Amino acid sequence: MKTIDRNAFERVRNDVNGNPRYVCHFLSLDIHGSDKGIGYGLSERYAMACKLANKAGGRKYHNKSYGGGIVFQSYSLDELCDCLNRLMAKEVTA
């Protein structure tokens with residue numbers, strides 16, 4: 001099973017309230033992977049990754065410099081990684 005760690009995230013500017021934000025590429029959250037996602041197009045895989053990220057508080061990152069990004073607001077990146085790994089494990093077994 002694929003897991004995500006803190007190296008998959010990039011620190012971006014804080015939000016308007018000063019809260020820290022991190023961005024990861026949607027392929028880091030792709031539970032099907034390139035070999036198992038044969039039946040899914042890239043846009044469908046992006047939609048599934050966004051839906052998974054929404055459960056952990058992630059949102060689409062609309063920025064020209066980071067295409068296909070998902071942004072998270074978090075003070076603890078380790079807790080965020082643990083939460084995402086639990087969600088991905090649940091999606092794989094479901």
Side-chain angles (χ1 to χ4, degrees):
M1 181 184 77
K2 186 175 178 179
T3 60
I4 190 167
D5 62 351
R6 64 183 308 124
N7 295 328
F9 291 91
E10 182 179 333
R11 181 81 158 86
V12 293
R13 293 178 53 181
N14 293 352
D15 65 4
V16 295
N17 297 319
N19 299 315
R21 297 188 312 158
Y22 297 92
V23 174
C24 71
H25 197 268
F26 82 94
L27 291 177
S28 299
L29 300 175
D30 188 16
I31 57 172
H32 296 289
S34 60
D35 55 339
K36 296 179 183 172
I38 294 173
Y40 300 105
L42 202 58
S43 61
E44 292 154 338
R45 290 167 60 189
Y46 181 63
M48 288 188 285
C50 286
K51 187 174 181 180
L52 178 75
N54 285 343
K55 295 177 184 176
R59 301 287 179 255
K60 289 182 184 178
Y61 189 54
H62 303 283
N63 194 325
K64 291 181 183 178
S65 65
Y66 207 99
I70 299 174
V71 66
F72 295 90
Q73 175 186 323
S74 176
Y75 281 96
S76 176
L77 195 54
D78 293 326
E79 283 186 29
L80 177 62
C81 291
D82 291 341
C83 178
L84 288 171
N85 287 328
R86 282 192 306 270
L87 286 171
M88 288 192 307
K90 187 187 289 186
E91 289 291 322
V92 168
T93 58

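Just so it is clear, the model here is predicted, and its values are computed rather than measured. For this chain, numbers begin at 1 and follow the sequence in order.
Here L77 contributes atom CG and L84 contributes atom CG; the two are 9.5 Å apart, rounded to the nearest 0.5 Å. Distance check, rounded to the nearest 0.5 Å: OH of Y46 to NE2 of H25 gives 8.5 Å. We find the CE-OG distance between M48 and S43 to be 9.5 Å, quoted to the nearest 0.5 Å. Atom-to-atom distance recorded for C24:SG and N7:CG is 12.5 Å, nearest 0.5 angstrom.
A 4.5 Å side-chain heavy-atom check between H62 and V71 finds every atom pair outside the cut-off. Between D82 and R86 the shortest side-chain heavy-atom distance falls below 4.5 Å. Looking only at side-chain heavy atoms (C-beta outward), L87 and C83 come within less than 4.5 Å of each other. The side-chain heavy atoms of I4 and F9, taken from C-beta on, include a pair separated by under 4.5 Å.
In terms of heavy-atom proximity, F72 sits nearest to A56 at CD2-O, 4.0 Å. Listed here is the closest heavy atom pair of G69 and V23: CA-CG1, 4.1 Å. Nearest heavy-atom pair across P20 and N14 is CA-OD1, 3.6 Å. Taking all atoms of both residues into account, the shortest heavy-atom contact from L52 to L29 is CD2-O, 3.8 Å. In terms of heavy-atom proximity, K60 sits nearest to C50 at CG-SG, 3.7 Å.
Within 6.0 Å of CD on E44 lie more than 12 heavy atoms contributed by other residues, nucleotides or ligands. Counting non-hydrogen atoms of neighbouring residues, nucleotides and ligands closer than 6.0 angstrom, the CZ atom of R11 exceeds 12 such neighbours.
Remark: K51 does not engage E91 in a salt bridge, criterion side-chain N to carboxylate O under 4.0 Å.
Checked against side chain to side chain contact (heavy atoms under 4.5 Å, CB included), N54 has the following partners two or more places apart in sequence or in another chain: R59. The side chain to side chain contact (heavy atoms under 4.5 Å, CB included) test applied to Q73 returns D15, N19, not counting sequence neighbours.
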